[in-house]
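Only one structure is covered here, and it is reproduced in the block below.
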Amino acid sequence: MPQPYTARRRTAVKAAVLLSAVLWTPAPASAEAPTVVASIKPLHSLIVGVMTGIGSPSVLIAGGASPHAYSLRPSEARLLSRADLIFWVGDSMETFLQKPLHSLGRKAIVVKLSGTPGIRLLKSREGGPWDAHVDDEAPGHGHDKTQTEQAHGVYDMHIWLGRDNAKAIVRTAVTALSKKDPPNAARYRKNGQGVIARIDSTFRAIDTQLAPVRSTPYFVFHDAYQYFERDHRLNAAGSISTHEARKPGAKRLSEIRAKLLSHGIRCVFAEPQFEPALVKTIIGGTPAKSGVLDPLGAKLAAGPDMYFLLLNGLAKNLKDCLTNAS
């Protein structure tokens, strides 16, 4: 027997309500973002950009400590043990991570950026004012001999200071994160494209900014900037120390002073991790001025803007010192 009209209508209304409830039920949230750790702030900053809106990576060295001399705290060791993805430059940069990464109890994905596709490694410079000297003092910062030799490798490991290398780091992060977290792969790719566009625009602006001082010669504290220098065709003429783990001896300091005069060096750059008195001693009685360059961004807060503040800080300090010296 057919249902009365009112009964049929109630049935239809119930069906519509149920259908509406199904259609308006929110989609399940995507899987929890992977736990990501970066060794140093420049890498962390680029990875933060890739993970924007998805998750928040952690950074091990959040202050101004040297990655050659850092000691993991227990809380940081636990963070590494829980990580799904760990990004670092490699053995010759973060020497403190070699043993912890080797002894990880669980299978985290460890991404050694210096060995990934798209990264171009430049050899450490040798000859003339870049040469080591047997008079160099024993390593500082509590390093032992093994750590020092590892830190002073064949290649310059400050890879993040080059435009193409920075973009390769972003692409590597996108690939690794997408593989670990497929539901968010499209968002990682989109974020990565945004970070790469910002890298390009920042380097273009800096190239214009540094054009007036491109040919002006200068000395750095240690040879950490050649990726940046090659991108902007700058005239770095030598370094005070052969690498950041060693302090120059008396004979080398004397040689450097002579080169400041003979090469017409306009500026000598210290680094915030080292005593500026050394640079003042070297430039005393010469026309050279002093400035500060920092390849790690010791005083910058970690975050998505940190990397770009680091680059702009290098450019500003270079231009200010070299312009005033001109």
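Worth knowing before you read on, the calculation uses all heavy atoms, side chains too, and leaves out hydrogens, waters and symmetry mates.
- Ring planes of Y218 and F269: perpendicular class, angle over 60° (limits at 30 and 60°).
- Put simply, CG on D305 and CG on L310 are 12.5 Å apart, with the number rounded to the nearest 0.5 Å.
- Between the SG atom of C267 and the NZ atom of K319 there is a distance of 14.5 Å, given to the nearest 0.5 Å.
- The hydrophobic cluster containing L122 also contains I169, counting ILVMFWY residues as joined when their side-chain heavy atoms lie under 4.5 angstrom apart, directly or transitively.
- Within 6.0 Å of atom CZ in R120, 12 or fewer heavy atoms from other residues, nucleotides or ligands are found, so the atom counts as exposed in its surroundings.
- Grouping the Ile, Leu, Val, Met, Phe, Trp and Tyr side chains by contacts below 4.5 angstrom, directly or via other members, places I240 apart from V292.
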Do L314 and L161 pass the side-chain contact (heavy atoms from CB on, under 4.5 Å) test, and can you show the C-alpha distance, the side-chain angles, and the key distance before you say yes or no? CA-CA 10 Å; L314 290 176; L161 293 180; 3.8 Å; yes
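- Grouping the Ile, Leu, Val, Met, Phe, Trp and Tyr side chains by contacts below 4.5 angstrom, directly or via other members, places V59 apart from L300.
- A side-chain donor-acceptor contact under 3.5 Å links R257 to the backbone of G284.
- I159 contributes atom CD1, which lies 6.5 Å from atom OG1 of T116 (distance to the nearest 0.5 angstrom).
- Atom CG in L260 sits 5.0 Å away from atom OG1 in T286 (nearest 0.5 Å).
- Sorted by first then second residue, the side-chain hydrogen bond (donor to acceptor under 3.5 Å, both in side chains) pairs that include residues 159-174, not counting sequence neighbours, are K167-D200.
- One finds the NE2 atom of H232 at 5.0 Å from the CD1 atom of I206 (value rounded to the nearest 0.5 Å).
- Salt-bridge check for R214 with D207: passed, with a basic side-chain N closer than 4.0 Å to an acidic carboxylate O.
- At least one donor-acceptor pair under 3.5 Å links the side chain of T52 to the backbone N or O of G49.
- E271 places no side-chain N or O within donor-acceptor distance of the main-chain N or O of V220, the cut-off being under 3.5 Å.
- The two residues P34 and Y188 have their closest heavy-atom pair at CD-OH, 3.6 Å.
- Neither L278 nor L261 shares a network with the other; the hydrophobic side chains, linked directly or stepwise wherever heavy atoms of I, L, V, M, F, W or Y lie under 4.5 Å apart, form separate groups for each.
- The CD atom of E229 sits 13.0 Å away from atom CZ of R233, with the distance rounded to the nearest 0.5 Å.
- L177 and V174 fall within a single hydrophobic cluster, where Ile, Leu, Val, Met, Phe, Trp and Tyr side chains are chained together by heavy-atom contacts under 4.5 Å.
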